[in-house]
Structures are given as structure tokens and as C-alpha cells.
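Everything on this sheet refers to the single structure shown next.
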Amino acid sequence: MTQDAAGASKFSRRVAIAGTQHLGGAIHLLRVRFPEIAASALPGQFVEVKASEGSDPLLPRPFSVNQVDAHRQTFAFLYEALGCSTRQMAQKAAGDELLVTGPLGKPYPLEPDVCDEVVFVAGGLGIASFLFAAQTLKERGDPRPVRLLYGARSAESIVLTGEFERLGVRCEVATDDGSLGEKGLVTGLLERYLASDPRNPALYVCGPAPMLKAAAGIAEARGARCFLSLETYMGCGMGVCVGCTIKMKTGDGPDDFEYQRACVDGPVVDAARLIW
Amino acid sequence: MTQDAAGASKFSRRVAIAGTQHLGGAIHLLRVRFPEIAASALPGQFVEVKASEGSDPLLPRPFSVNQVDAHRQTFAFLYEALGCSTRQMAQKAAGDELLVTGPLGKPYPLEPDVCDEVVFVAGGLGIASFLFAAQTLKERGDPRPVRLLYGARSAESIVLTGEFERLGVRCEVATDDGSLGEKGLVTGLLERYLASDPRNPALYVCGPAPMLKAAAGIAEARGARCFLSLETYMGCGMGVCVGCTIKMKTGDGPDDFEYQRACVDGPVVDAARLIW
Amino acid sequence: MTAGRVDLTTRIGRLTLSNPVMTASGTFAFGREFAELYDLSLLGAIVVKGTSLEPRRGNPPPRIFETASGMLNAIGLQNDGVRSFLDEKLPFLRQFDTRVIVNIVGNRAGEYAELARILHDAQGVDALEINISCPNVEHGHAEFAGDPSATFTVVDAVRKATSKPILPKLSPNVTDIRVFARACEEAGADAVSLINTLVGTAIDIRTRRFRLANVTGGLSGPCIKPVALRMVYQTAQAVRIPVVGIGGIVTAEDAVEFLLAGATAVQVGTGNFVNPMAAPEIVEGIKGYLAERGLNSPSDIIGKVEKAI
Amino acid sequence: MTAGRVDLTTRIGRLTLSNPVMTASGTFAFGREFAELYDLSLLGAIVVKGTSLEPRRGNPPPRIFETASGMLNAIGLQNDGVRSFLDEKLPFLRQFDTRVIVNIVGNRAGEYAELARILHDAQGVDALEINISCPNVEHGHAEFAGDPSATFTVVDAVRKATSKPILPKLSPNVTDIRVFARACEEAGADAVSLINTLVGTAIDIRTRRFRLANVTGGLSGPCIKPVALRMVYQTAQAVRIPVVGIGGIVTAEDAVEFLLAGATAVQVGTGNFVNPMAAPEIVEGIKGYLAERGLNSPSDIIGKVEKAI
Ligand SMILES: Cc1cc2nc3c(=O)[nH]c(=O)nc-3n(C[C@H](O)[C@H](O)[C@H](O)COP(=O)(O)OP(=O)(O)OC[C@H]3O[C@@H](n4cnc5c(N)ncnc54)[C@H](O)[C@@H]3O)c2cc1C
Ligand SMILES: Cc1cc2nc3c(=O)[nH]c(=O)nc-3n(C[C@H](O)[C@H](O)[C@H](O)COP(=O)(O)OP(=O)(O)OC[C@H]3O[C@@H](n4cnc5c(N)ncnc54)[C@H](O)[C@@H]3O)c2cc1C
Ligand SMILES: Cc1cc2nc3c(=O)[nH]c(=O)nc-3n(C[C@H](O)[C@H](O)[C@H](O)COP(=O)(O)O)c2cc1C
Ligand SMILES: Cc1cc2nc3c(=O)[nH]c(=O)nc-3n(C[C@H](O)[C@H](O)[C@H](O)COP(=O)(O)O)c2cc1C
Ligand code: FES
Ligand code: FES
């Protein structure tokens with residue numbers, strides 16, 4: 001890091017909720033006004049959000065930046081109201097406050113030299129980070145084809161596909177129960193896609209751990225580049241507690257590894273280096 | 001207590017909020033459907049309410065029964081959203097759940113043989129318990145005159161006076177800033193009332209501790225019966241933790257006292273027996 | 001689900017309970033108030049409020065204060081004495097199909113022994129819990145709970161005074177709780193109960209006064225659960241007698257954690273204040289947990305925790 | 001308000017800080033990440049992550065778990081060693097107008113002394129905090145923190161190796177923390193820091209495994225505040241050297257409680273994770289508290305708590 005002592009490149013404060021939107025099932029979109037984060041966040045980065053005023057739950061939770069408004073004044077994140085923080089979030093309304101810190105973490109490597117085809121592979125809420133990525137590619141005028149392979153439990157949990165299509169992303173959907181798209185897992189879509197021998201693709205994968213692992217295995221077998229966005233349990237989210245460590249290869253020997261921090265050395269990592 | 005082993009006379013469960021109403025300032029009315037409590041509660045009794053799902057705040061909080069619907073299916077309580085539990089309550093909507101236990105505590109002694117004039121003396125949120133008392137006297141067809149002396153910070157904090165008037169209660173109001181009724185304290189209203197030599201009145205007083213103490217002093221000086229409803233810090237609210245103790249006279253000697261539980265031996269106590 | 005197949009019967013040494021859920025001393029008084037909410041026969045056992053030879057007035061108020069996910073108390077063992085317990089409280093409790101455990105407290109070993117002798121003859125008293133760890137009275141913590149040989153002396157004196165099952169209750173405010181558990185085992189205890197409260201305090205920055213008249217109090221509730229669970233795990237591995245797990249149990253999930261850590265039974269304390277129906281809900285929840293996994297008995301999970309990796 | 005009048009300058013023995021708020025070891029790394037949020041010169045001092053002679057890889061994950069109003073951690077002192085600290089971390093920290101305190105950790109008294117010798121010569125290291133209380137490494141708790149004479153030996157060795165201010169950091173997992181504080185005072189410590197974490201554990205009832213690979217971890221956060229505050233109060237009355245208060249401080253109100261209890265300065269640990277701006281907000285909050293009461297200095301409130309009745 002070469003940043004200078006005085007320059008703030010992360011921001012943390014209480015901000016008001018600008019708006020909320022229920023997308024289906026327990027999935028909600030929450031927009032906050034935070035111009036500094038909206039202006040500097042990159043796709044794949046996340047924010048830490050504390051919804052409770054009290055100390056239970058105590059720690060903020062990580063949420064991927066889902067979209068940024070055109071004037072970069074507000075940004076939104078997607079959440080599923082299942083756990084203690086997210087259920088509290090769902091009781092909040094516009095005007096209520098949240099404590100937000102960001103932008104955090106390493107973004108997706110979306111530079112043109114990485115690949116010739118961009119493939120987002122999303123499982124469930126793993127979709128959260130990709131809309132911003134697609135928006136960014138579009139804004140940059142990136143000419144490469146962008147594809148989304150998206151799996152979820154059922155039609156109810158498939159969200160935002162309209163937005164992806166509007167951005168010119170080719171979407172393929174699979175659901176466990178077949179209620180939307182193909183019946184089956186997203187890894188099925190991925191197998192078929194890679195079997196079609198695409199030209200120098202890179203996979204960007206986000207979703208539950210078993211799906212990440214399966215996707216990484218498929219990518220390795222097919223020799224495709226693969227970046228995983230990990231949803232590791234986090235303490236601080238900004239690199240200081242060393243509590244979110246993942247095992248990363250530093251060579252080929254059995255002891256050639258080091259513990260890296262998922263929050264700053266990730267959450268996006270090269271699948272080839274991750275030791276499960 | 002003579003209750004039999006199997007007979008439930010208190011009730012505790014998660015119930016849905018039937019409705020909420022904002023009365024002014026930070027004061028809200030919250031109604032829950034809980035037929036057993038609505039049917040058996042008496043004026044001056046309270047319920048314990050836990051608004052948070054998590055453990056901060058941990059303990060339920062005591063709230064007086066403010067009113068009971070005609071069919072005794074629901075009851076309401078009044079609260080001011082200032083502390084951690086009450087601010088969480090204010091974020092809830094109809095349908096959300098609360099954990100409610102009651103009815104708890106000793107009611108106001110409102111029997112005809114206690115006095116010839118019923119005088120409610122309320123400071124701020126101390127008003128909460130008296131509407132139910134006035135309703136109950138009306139329902140019983142009690143012929144005695146009922147009077148409310150009511151003080152608060154300002155007009156904004158004076159609530160429900162219309163309801164009292166509809167029940168035939170004679171209301172006198174004082175505010176600290178003179179924005180409604182007389183400018184001054186409710187103890188001023190009380191002094192004047194007692195100076196008018198009413199016929200065998202009993203005072204039922206609820207409000208902040210300094211006001212209770214002042215009212216008790218005035219009552220003693222004038223020889224009027226005086227019952228105080230105490231807002232003591234509580235643990236269990238039902239008599240088991242012995243954490244809410246108040247010092248009560250058992251005789252006239254300096255050591256003639258015992259620690260009683262504000263939650264079951266109160267919250268309504270005879271002012272003449274309380275040691276401050 | 002085959003919840004019907006599950007049998008929650010639990011044996012703590014010679015003491016047999018219908019299920020492993022008890023209510024903790026000082027958080028359930030003598031049962032009367034909770035009997036207005038639910039049938040006390042649903043409980044494995046009731047541990048009554050700390051009882052001394054003579055009545056005690058307790059500490060002056062304020063006696064309790066809420067903290068983050070917990071509460072401080074300094075009740076000072078207010079109670080009407082063992083005679084009043086036998087005459088006025090025990091008959092009520094005997095109506096229920098549950099076990100009654102009396103939590104006894106004294107100033108010297110002789111007082112504990114005297115209490116044990118008195119209670120030894122009482123029909124309907126199923127066991128004694130020896131409270132040598134109450135942090136809120138002068139002779140509590142320092143003398144017995146902080147010194148393994150004093151612990152031994154008290155437990156030994158009680159052991160000689162009664163053949164009823166005895167469960168010393170240990171303080172967490174020590175460097176190594178296993179040493180105390182071993183002293184109790186050697187003195188012939190049937191089981192050990194742990195933990196009592198951690199000593200803590202709180203200050204009102206507005207008045208600049210302590211929140212409790214007693215200055216310090218006992219910290220209980222979910223905040224202490226990780227410490228309690230660790231001590232139960234350590235102790236269960238250090239002694240052969242059963243361990244009764246206590247500390248921050250509010251839900252069935254909490255109780256199952258303690259069973260997995262090695263507790264044979266659990267006590268619900270502050271949880272009774274958080275949710276007055278906590279104890280019977282925990283009984284049902286444990287049954288459900290076992291049934292969902294096709295298990296028949298709490299003993300199928302006691303001490304069955306494994307390492308994460 | 002005359003907040004302009006308030007002077008937060010704080011003296012911990014020979015160490016002078018611009019204000020009494022430090023960040024606690026292990027919760028602020030080496031300052032770099034927080035420097036992206038605010039100017040580190042706002043802080044009284046920064047206590048860096050526990051540093052050993054040789055690099056340590058730390059414990060395998062999972063290393064942290066959230067509990068009721070707290071968290072468990074078992075990082076295992078992952079760090080790049082003292083040489084890397086001097087070459088790569090210290091130069092960055094020296095740009096700021098704050099104090100740098102190095103938290104040192106070793107396996108034997110000789111290692112602590114060696115670290116002290118190395119750091120003695122480092123410009124920009126203002127003091128050493130001696131971590132003899134880390135519960136998550138083999139030689140932590142049992143050997144030094146649980147035994148007053150071992151504590152004396154380590155502090156004495158460090159004292160002989162450096163003239164820089166030294167602050168031993170005490171474990172709360174003991175029967176009487178005052179005994180350890182007195183041992184430190186006798187060995188020539190300039191102050192004592194307390195508390196480190198309480199040892200705790202948690203279990204995943206779904207997988208029936210411990211939540212931490214290390215089985216147990218250190219409990220921190222608001223849940224431990226009542227215990228920390230009690231120990232600070234007791235210790236401040238038992239020794240003449242200053243006490244640095246740590247444990248569950250998230251807001252200025254929390255910090256003021258510790259000052260009232262007798263702490264000369266405070267450290268913010270888990271609070272940095274709860275609210276990354278906690279430390280500078282606490283500095284401002286203390287200033288406001290003093291100003292509102294017409295007080296000029298933290299020393300006007302240190303130890304000024306009174307009994308409730
Ligand atoms: C980089 C990153 C980006 C993420 N982006 C999103 C997103 O955009 N939308 C979304 O809904 N979720 C996202 N998550 C996951 C989200 O942070 C967790 O689901 C969140 O903790 C749930 O909080 P809760 O309090 O509601 O649930 P809890 O009640 O805390 O627990 C629910 C589940 O979340 C896990 N969890 C708890 N605390 C943490 C923590 N501090 N860090 C990670 N996991 C935890 C628990 O293991 C549990 O399985 C992301 C996670 C990471 C690491
Ligand atoms: C019998 C009785 C009847 C009451 N009726 C009403 C009512 O009808 N409406 C109403 O608004 N309030 C009523 N109160 C007061 C109400 O219980 C407290 O204001 C409530 O605790 C506020 O909770 P909180 O979490 O929002 O505030 P907190 O953040 O907890 O604190 C706000 C204030 O409430 C006090 N407090 C905290 N915990 C308790 C507790 N367990 N018991 C008592 N006081 C506590 C604190 O000392 C503090 O000054 C009553 C109290 C009692 C004892
Ligand atoms: C208000 C209160 C009173 C208590 N009184 C006693 C007592 O008389 N005897 C005793 O052994 N423990 C007593 N305890 C300790 C509890 O039995 C229990 O050990 C402790 O609270 C930890 O469990 P918990 O977190 O479930 O509350 C008391 C606890 C509280 C909260
Ligand atoms: C993730 C984490 C890492 C820690 N690492 C260290 C350490 O390296 N050295 C040390 O002395 N204390 C360490 N601690 C303890 C803290 O410095 C502090 O004493 C403790 O967390 C209590 O304070 P708190 O409640 O404010 O967090 C660590 C604490 C946490 C949460
Ligand atoms: S979450 Fe703290 S270092 Fe990654
Ligand atoms: S609040 Fe528990 S006895 Fe009154």
C-alpha cells in the first residue's frame with residue numbers, strides 16, 4: 001500500500017436510509033446516501049453495515065455493493081432477512097440510520113487483459129455483487145461479451161435479471177425446483193457453457209461455499225480462469241483482526257501456504273491459489 | 001395467596017401487535033391481542049414486554065395497562081420512545097411480535113369504602129395507568145366523583161384528556177411551560193385541590209419519583225389518603241428475583257422496616273408506609 | 001419426527017429427573033409465582049432460592065442493573081430462613097411431580113452442616129445444592145469459593161450430615177475451576193453445579209455513583225455463556241461426577257450447547273426473566289432436537305462435541 | 001460549553017499522552033488500515049498487535065465467533081516478528097503525532113527480555129506492553145498469567161532490559177487480579193493494563209463442533225465490561241501505579257465509567273470493529289463530558305466514583 005498518512009480512502013459514519021425495496025421472498029434492496037463510497041467503490045467490493053443500535057448483534061455485517069446511482073451519490077445493497085442483523089434491517093424504513101463503512105476489499109479483476117469473455121456465476125444471494133460489475137463494464141464501454149449463469153432455490157429467489165438483460169448481459173437461470181429456467185444447479189449451466197469451448201473466458205463466481213468449490217473444480221478441469229468471491233465470517237472487515245483468514249498457496253509443497261485475510265486479500269481470490 | 005397449583009392466573013407468550021398509534025412527541029399507544037390478560041387485568045396492574053428478539057436489551061420492561069377494549073380481547077399500553085426497548089418498539093408495525101407477560105402487580109384500591117372522591121394525580125407518562133382506572137369505575141357504575149390532576153412538560157406531552165372527559169372525569173392540566181392549562185407543576189394543582197377541603201378524598205398518584213415524593217408530602221400534611229404507583233427498576237416483574245425492593249415500614253422504630261418487592265407488593269403502595 | 005420416542009429421563013448420580021432442565025437458584029423463588037404461568041411438573045427440578053439458617057434481610061436497594069446481554073444482581077441472599085422454607089414453601093412445592101433441590105448457604109462449614117441435618121429429615125427435599133460461591137455476601141466468595149481446601153471442608157461437612165445427593169455450586173471467579181471440582185469430588189459430592197455469577201460492577205456516569213448499593217454484583221445472562229460453557233467443558237473432562245451446566249441459557253439451543261460440552265443437566269437462571277416460559281420451552285426444544293436427529297435420550301449428545309478441524 | 005478549556009493531556013507514569021484514549025492490541029493491527037479512516041494523531045496512543053521475536057503463523061481458522069454482546073477470538077498471535085515490525089510497520093506509525101506502544105509476547109522470560117532489548121533502541125517506540133495474558137497460545141495463560149511469581153519474573157526481566165515505560169497486561173482469568181498487579185508493581189512496572197480477554201467457548205449444535213479451531217478463545221466486547229470495570233476498580237485501590245482500563249469500551253460513556261472507577265487511561269478494543277470511528281468519537285465524548293460539568297482534565301474524574309447510598 002502506498003497511500004499517504006493523511007488521505008482517507010475508506011469512510012465510516014451513520015447514514016440515513018434513502019429507500020428500501022422488497023424484491024421477493026425475504027430479499028430486500030436497501031439504498032443509502034453515501035457519496036464518498038458511491039464514488040469510489042469498485043465491483044466486488046463490500047461495505048460493513050451495523051443495523052442494531054445496541055450490542056446484540058454486536059458486529060457490523062459485510063454486504064456487497066449491488067448498484068450505484070448514475071450521479072454516484074447513493075449506492076444499494078441486497079440482503080435476505082434471515083439472520084439477526086438482516087431481520088432488524090427489514091424493520092427499518094427510509095430515514096432510519098445505519099452505520100456504514102467502506103468501500104472494503106479487493107474488487108473483481110475486470111480488466112480487458114484478463115479474459116475475452118466475462119462470465120458471472122451466481123448462486124442465490126451471490127447475485128448481489130454482479131449487477132454493479134455489469135454496470136461498470138457497460139459504463140467503461142467494454143466490448144467483451146458478458147454472460148450470467150444464475151442459480152437459486154426457486155423463482156421467488158431469482159432477482160434483478162431484468163436489470164442484467166437491460167445491460168446486455170446474456171442470462172441463463174436454473175432453479176432447484178424448476179420454477180424458473182432450467183431445473184437443476186448453476187454448476188450444470190457452467191458445465192454446459194464450458195463444454196461449448198468458449199474463447200478465453202474468465203469465471204467470476206459468488207455464492208454458497210459448496211457451489212464455489214464445485215465451480216472451482218469445474219474451472220480447473222476445463223482450464224478456465226476462475227475468481228471466487230468468498231463469504232467468509234468476518235470480524236472487522238478491514239484487515240485488522242486477522243480473524244477471517246483463508247489458506248492460500250505460496251508454492252507447491254504441503255507447507256507452502258500462508259493465512260491471508262479474506263477481507264483485504266479477498267473477498268475476491270484466484271481459485272487456483274485457495275486451499276479449502 | 002390461595003391459588004391452586006394448576007390454575008394459571010398469569011400468562012406469557014409472543015403476541016402480534018394489533019395496532020399502533022402515535023399520540024404526540026415520542027408518545028405512542030400500542031395495542032396487542034391477548035384475551036386472557038385483557039379479561040383479567042385490573043387498573044394499576046402492568047405487563048412485562050420484551051420488544052427485542054436478541055439479548056440487548058435483555059430484560060422485558062414494565063408497562064401499565066392503559067385501556068382494554070370493550071370485548072376484552074385486546075389491551076393497550078402507552079410508551080414514550082426514549083430508551084433502548086421503547087425505541088425498538090417504535091420501529092414495529094401491526095403484525096410484528098412482542099413477548100408479553102401479565103397481568104402483574106397489585107391494582108389500585110378503588111373500592112367504594114376507600115374514599116368518597118377519587119383523585120388521579122399524573123405526572124408525564126404517569127397518566128398511562130389512569131384511563132383504565134376511570135373506564136373501570138364507569139363500567140362498575142361507581143357514582144363517586146372522579147378527578148384528574150395532570151402535569152407534563154408541555155402541551156405535546158399531554159395525551160388522552162379527551163378520553164377522560166368522555167368518561168366524565170374532571171380534568172385539570174398544568175404544563176411546565178404553560179403551553180397547555182396552568183403554567184406550573186401538578187403539585188400546584190394538588191395543593192389547591194386539597195386546600196378546597198374536599199370530602200374524604202383518596203389520591204392515586206403516578207409519575208416521576210420527585211413528584212411522587214412531593215405529592216405524598218402534601219397528602220400527609222393534609223391528612224389525605226394517598227396511594228403511589230412506583231416505577232421501580234425491575235428484573236423479573238413477578239416477584240422472584242427480589243431485585244426491585246422498596247423499604248416499607250412495619251412499625252415506628254428506626255429498624256422497623258422490611259424490604260418488599262415493588263412488583264408484587266406494589267407497584268401501588270400506601271404512601272404512609274413507604275420509606276424513601 | 002418421532003418426538004414420542006425420545007425419553008428425557010436424566011440421572012445425576014443417584015438423583016433421577018424426568019428431564020435435564022432445572023430452574024436456577026434465586027431466579028425462581030420457591031416456585032409459587034411460576035406456578036401461575038405453567039405446571040411445574042414440566043420441570044426436571046426446581047432449585048429454590050438460597051436458604052440460610054436464620055432469615056436474612058438482604059442488601060439495600062438498588063440491587064439489580066441491566067448490562068449488555070446480562071444483568072448484575074446483589075440481592076444479598078434475602079430469605080426467610082430454613083424453618084420458614086420447611087413450613088411455608090416446601091408443602092406448596094410438594095404438589096408437583098418434579099424434584100426439589102434446596103440451595104443452602106451459610107457463614108461457616110458448621111452452618112452448612114446444620115442446614116444439611118435439618119433438611120436431611122425433610123420429605124420432599126430431593127437434593128441439596130451447596131452455594132459456596134455467592135459473590136454478594138461477606139463470607140461468600142473469598143472464604144470458600146476461592147480456596148479449594150475450604151471448599152473441601154464445607155462439602156465434607158455437608159456430606160457427613162446427610163446422605164441426600166449434594167451438588168456444590170462453583171464460582172467462576174477462580175484461576176482454575178477444575179481444582180475446585182476435584183476437591184468436591186474428593187469430598188463425596190454427587191455432582192457439581194457451575195457456574196454461579198461472575199463478579200462485576202457498573203457506574204452511573206451522571207451521578208458518578210455505583211449502580212448497586214453493594215458496589216459489586218453477580219453478572220448473569222447470555223453475556224456469560226461463553227465462559228460458562230468453557231468451564232463446563234473443562235470440568236466435565238476433569239471429574240467423573242456429573243456436571244450441571246448453568247450460565248446464560250435462554251433457549252433450547254443454548255441448553256444443547258451445554259449438553260454437548262458435557263453437562264448432564266442444565267439450569268435456567270436469568271432466562272426465566274427474559275422469557276418466563278423459557279424453561280418448559282427448553283424441555284420441548286431439547287426433545288425436538290433429539291427427535292430430528294433420530295436420537296432417543298440426552299445421553300446421546302452429552303459430551304459429544306468435536307473439534308472444528 | 002467551554003470544551004476549549006478542557007485539556008485531555010494524560011500522564012501514565014513517565015509516559016505523556018495527548019488524551020487518555022488508546023487503541024488496544026490486536027484490534028488495530030499496526031495502524032495502517034485505520035489511517036485510511038481518520039488521522040491517527042487524534043489518538044492518545046496506539047498499542048500495536050502482539051509482536052514476538054520470530055514470525056508466527058497463528059491458529060487455523062475458524063478464529064473468531066460472535067457471541068451475545070461480544071466475540072470470541074483465537075488468532076494465535078499471527079505476526080511477522082519484531083524485525084518486520086521495526087522495518088515495515090514502525091516507520092509508517094512514526095508519521096503521526098501519537099504514542100506507539102508495542103505489545104510484546106514470548107514463550108519464556110528471556111524472550112520478553114530479548115524483545116525489550118531490541119525495542120529499547122527503537123526510536124518511536126514509546127513504551128512496551130507486556131502481554132503475559134494471551135489465552136490463545138500454549139505458553140500464555142497457564143505459565144505466566146496464572147502465577148504471580150512467574151508474572152514477577154517476566155516483568156523483572158523486561159525491567160532490567162529497558163528503561164522505557166513498561167505496562168504488563170493482566171489476565172482476568174484469575175481468582176484475585178490484585179495479587180498480580182502488586183507483583184508487577186514490585187517488579188518496577190510503570191503501569192498495568194487490564195483486562196485481557198476472558199476464556200470462553202461456543203459450540204455449533206448443528207455440526208456438534210466447536211466454533212473455533214482452537215476450541216477456546218478470548219471473550220471481548222461489551223459483555224465483559226462489568227467484569228473489567230470491577231477489576232479496574234479493585235486494582236486501582238490496590239496499587240499506586242496507574243491502571244489502564246480495557247474491556248468492552250465502545251462509547252465515551254463506557255470510557256468515563258472506567259475513568260471514574262480509577263483508570264488513568266483506557267483502551268478501545270472490539271469497539272474498533274463495532275464502530276470504526278469509536279476511538280476518535282470517544283476522545284471527543286470525554287471532552288464533552290468534562291466540559292458540560294465545568295471540569296478541565298480527566299484527572300478531575302479519575303477514581304471519583306462514590307457509593308450508591
Ligand atoms: C464479502 C461479503 C459480502 C457479502 N455480501 C452479501 C450481500 O450482498 N447480501 C447478503 O445478504 N449477504 C452478504 N454476505 C453475507 C452476509 O454478511 C451474512 O449473511 C450476514 O452476516 C448475515 O447477518 P445476520 O446478522 O442477518 O445473520 P446471522 O444471524 O449473524 O447469521 C446468519 C449466517 O450468517 C453468518 N454470519 C454471521 N456473522 C457473519 C459475519 N460477520 N461475516 C460473515 N458471515 C456471517 C453466520 O455464520 C450464519 O450462518 C456477504 C458476506 C461477505 C463476507
Ligand atoms: C410498574 C411500572 C409501570 C410502568 N408503566 C409504564 C408505562 O405505562 N409507559 C411507559 O412509557 N413507561 C412505563 N414504565 C417505565 C418503563 O418501564 C421504563 O421507562 C422502561 O424501562 C423504558 O425502557 P427502555 O428500554 O426504553 O429504556 P432504558 O434504555 O432501559 O432506560 C430508560 C430509563 O428507564 C429505566 N429502566 C431501565 N430498565 C428498567 C426496568 N427493568 N424497570 C424499570 N425501569 C427501567 C432506566 O433507569 C432509565 O432511566 C413503568 C414502570 C413500572 C415499574
Ligand atoms: C437475581 C439472582 C439471584 C440469584 N440468587 C442465587 C442464590 O440465591 N443462590 C445461588 O446459588 N445462585 C443464585 N444466583 C445465580 C444463578 O443461580 C445462576 O448461577 C447464575 O445467574 C448464572 O446463570 P444464568 O446466566 O442462567 O442466570 C442468582 C442469580 C440471579 C440473577
Ligand atoms: C481479535 C483480537 C485480537 C487480540 N489480540 C491481542 C494481542 O495480540 N495482544 C493483547 O495483549 N491483546 C489482544 N487482544 C485483547 C484486547 O487487546 C483487549 O484486551 C480485549 O479484547 C478486551 O478489550 P475489548 O473488550 O475492548 O475488546 C485481542 C483482542 C481481539 C478481539
Ligand atoms: S475481518 Fe478482520 S482481518 Fe478480515
Ligand atoms: S422485579 Fe423481580 S422481584 Fe420484583
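In the text below, chain A, chain B and the rest are named by the order of the sequence lines, each starting its count at 1. In this text the structure is predicted, and so the values were computed from the model without any measurement. What you see below is based on every heavy atom in this structure, not just the backbone, and it leaves out hydrogens, waters and symmetry mates.
- Interface remark: of the candidates D:Pro226, D:Ala228, D:Cys223, D:Pro226 forms the most heavy-atom pairs closer than 4.5 Å to chain C.
- With a 4.5 Å cut-off on non-hydrogen atoms, D:Tyr289 touches chain C through its side chain but not through its backbone.
- Checked options C:Asp176, C:Asn173, C:Val174; the residue passing with D:Thr175 is C:Val174 (criterion: side chain to side chain contact (heavy atoms under 4.5 Å, CB included)).
- Put simply, CZ on C:Arg293 and CZ on D:Arg206 are 9.0 Å apart, with the number rounded to the nearest 0.5 Å.
- In terms of heavy-atom pairs under 4.5 Å with chain D, the best-connected choice from C:Leu212, C:Leu219, C:Val232 is C:Leu219.
- Between D:Val199 and C:Arg230, the closest heavy-atom pair is O-NE, 3.0 Å.
- How far CD1 of C:Ile224 is from OG1 of D:Thr67: 12.0 Å, rounded to the nearest 0.5 Å.
- Looking at D:Pro172, neither its backbone nor its side chain comes within 4.5 Å of chain C, counting heavy atoms on both sides.
- Of all residues spanning residues 297-309 of chain D, those with a heavy atom less than 4.5 Å away from chain C's heavy atoms are D:Ile301, D:Lys304, D:Val305, D:Glu306, D:Lys307, D:Ala308, D:Ile309, arranged by number.
- In terms of heavy-atom pairs under 4.5 Å with chain C, the best-connected choice from D:Ile205, D:Val227, D:Leu229 is D:Ile205.
- Distance check, rounded to the nearest 0.5 Å: CG of C:Leu198 to CE of D:Met231 gives 8.0 Å.
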Sequence neighbours excluded and cut-off under 3.5 Å, please list the side-chain donor-acceptor pairs for residues 256-264 of chain D, or say none.
unit_1: D:Glu257; atom_1: OE1; unit_2: C:Ile203; atom_2: N; d: 2.8
unit_1: D:Glu257; atom_1: OE2; unit_2: D:Lys225; atom_2: NZ; d: 2.6

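- Heavy atoms closer than 4.5 Å to chain D are found nowhere in C:Phe65, neither backbone nor side chain.
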